[in-house]
Amino acid sequence: MDEAPPQHNAPTLSLVIPVFNEEDVLATCLDAIARQTVVPDEVIVVDNGSTDASVSIASRYPFVTLLHEGERGIIPARNRGFNHARGDLIGRIDADSIVAPDWVETIKNYYASEGLDRAADAVTGSAATNLPQARWIGWLAGRVFLDLGYFPISRLMVGGAVLLGCNMAITRNAWERIRDDTSRDSNALHEDVDLSVLIHRAGGMVRHLRNLRVRTSPRSFRESPSKIWWRLRVWPVAVVRHWPVTRFRKGI
């Protein structure tokens, strides 16, 4: 009889959510976290100077630790939460992410089965657009833009799997190794690709977990052409920032 793979102690997980004027979506996000089959050990909402009801909404949830980051931008807000987190793992989603009920359980089970010393430095998954009246369109949008676009193209540029900021987790040890090298300019590059390149540069690995699932709001469909063009421009900038050390540059 084959022996069962060894099981390691389940690691602790802190979940970080950067927030800026998210009153329309934040409660739905936090409600989904409250319904987890395995609850996160820490939930950190980082307010980035909201002028709406986001702070009061977050304050209604007793499991939320509310932090404030005065420097505007997704990267300073993310870093504030990551540096405060005390878990073995640091999860990261957006304020409009609706995590599947087993999201935390999926991450913890992966690291419990592999062991923190042998598992990937970070894990990620895909996302579907939350269109309650047309779920299949939301699924198709995720397939086309992420699974057939963002992930494979970024992998070619980086030389390894890349993270999706609305659905990811990184080990605290990996974050502590690379945090001083991360860019702080949220307008200049794609922060998820930047994080991924740094992990690979340090000899680490990003793993894509197919059963790590979230849904996001359809607000990206309402973005202006200039915002969409900005996203396309900043996507490869993180790779160019590390150009001499990317596998793409080496031709691998």
Side-chain angles (χ1 to χ4, degrees), residues 8 11-18 44 73-94 97 103 106-127 146-147 149-186 188-210 212 214 234-252:
H8 305 268
T12 55
L13 184 143
S14 301
L15 180 53
V16 174
I17 312 169
I44 302 169
I74 187 70
I75 294 176
R78 177 202 68 188
N79 290 1
R80 178 85 165 90
F82 278 21
N83 289 333
H84 182 88
R86 296 294 176 263
D88 302 312
L89 307 170
I90 306 171
R92 148 103 156 88
I93 60 175
D94 289 334
S97 297
W103 192 85
T106 296
I107 295 173
K108 286 197 171 192
N109 283 349
Y110 166 71
Y111 281 97
S113 62
E114 298 288 333
L116 278 172
D117 295 337
R118 300 180 59 186
D121 296 84
V123 295
T124 194
S126 192
L146 294 176
D147 297 336
Y150 170 74
F151 284 124
I153 295 174
S154 296
R155 188 181 188 104
L156 283 174
M157 291 192 296
V158 173
V162 295
L163 298 166
L164 183 65
C166 66
N167 184 14
M168 60 158 283
I170 183 172
T171 67
R172 186 152 57 90
N173 287 339
W175 168 246
E176 289 174 351
R177 289 198 305 271
I178 67 175
R179 62 183 174 187
D180 292 338
D181 293 325
T182 60
S183 171
R184 292 190 65 88
D185 190 346
S186 302
L189 50 71
H190 196 301
E191 74 276 3
D192 306 334
V193 177
D194 185 52
L195 210 60
S196 306
V197 171
L198 288 171
I199 290 172
H200 290 297
R201 188 180 74 172
M205 180 178 68
V206 174
R207 178 162 179 177
H208 194 288
L209 301 180
R210 295 193 177 277
L212 192 64
V214 305
V234 300
W235 183 7
V237 170
V239 178
V240 175
R241 176 175 179 253
H242 304 287
W243 200 267
V245 295
T246 58
R247 297 182 186 180
F248 181 73
R249 177 67 170 178
K250 296 175 182 177
I252 296 176

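- The nearest pair of heavy atoms linking Thr12 to Gly87 is OG1-CA, 3.3 Å.
- Asp94 approaches Cys166 most closely through the heavy-atom pair OD2-CB, 3.3 Å.
- Considering only residues two or more places apart in sequence or on other chains, Ala174 meets the side-chain contact (heavy atoms from CB on, under 4.5 Å) condition with Asp121, Ile170, Thr171, Arg177.
- Residues Leu195 and Ile178 form a side-chain contact, since some pair of their non-hydrogen atoms from C-beta on lies under 4.5 Å apart.
- Pairing each heavy atom of Ala120 with each of Tyr111, the nearest pair is O-OH, 2.9 Å.
- For Asp88, there are no salt bridge (Lys or Arg N to Asp or Glu O under 4.0 Å) partners at least two apart in sequence or on another chain.
- From His84, atom NE2 reaches atom OG of Ser14 across 8.0 Å, with rounding to the nearest 0.5 Å.
- For Asn167, the side-chain hydrogen bond (donor to acceptor under 3.5 Å, both in side chains) test picks out Trp103, with sequence neighbours left out.
- Annotation: side chain of Val206 is in contact with side chain of His200 (closest heavy-atom distance under 4.5 Å).
- Note that CD1 of Ile90 is 8.0 Å distant from CD1 of Ile44, once rounded to the nearest 0.5 Å.
- By the side-chain contact (heavy atoms from CB on, under 4.5 Å) test, Arg86 is found to be paired with Glu42, residues two or more places apart in sequence or in another chain being considered.
- The CZ atom of Arg172 sits 11.0 Å away from atom CG of Asn83, with the distance rounded to the nearest 0.5 Å.
- Applying the ring-ring contact (aromatic ring centres under 6.0 Å, His included) definition to pairs two or more places apart or across chains, those involving residues 162-183 are Phe82-Trp175.
- Side-chain contact between Leu13 and Lys108: present, with at least one pair of heavy atoms (C-beta onward) separated by less than 4.5 Å.
- Note: Met205 CE to Arg118 CZ = 10.5 Å, rounded to the nearest 0.5 Å.
- Considering CD1 of Ile199 and CG of Asp194, their distance stands at 10.0 Å, rounded to 0.5 Å.
- Arg207 meets the salt bridge (Lys or Arg N to Asp or Glu O under 4.0 Å) test with no other residue; sequence neighbours excluded.
- Looking only at side-chain heavy atoms (C-beta outward), Arg80 and Pro18 stay at 4.5 Å or farther from each other.
- Proximity of a side-chain donor or acceptor of Thr124 to a complementary backbone N or O of Met168 within less than 3.5 Å is not detected.
- Going from atom CG of Leu15 over to atom CZ of Arg92 covers 10.0 Å, rounded to the nearest 0.5 Å.
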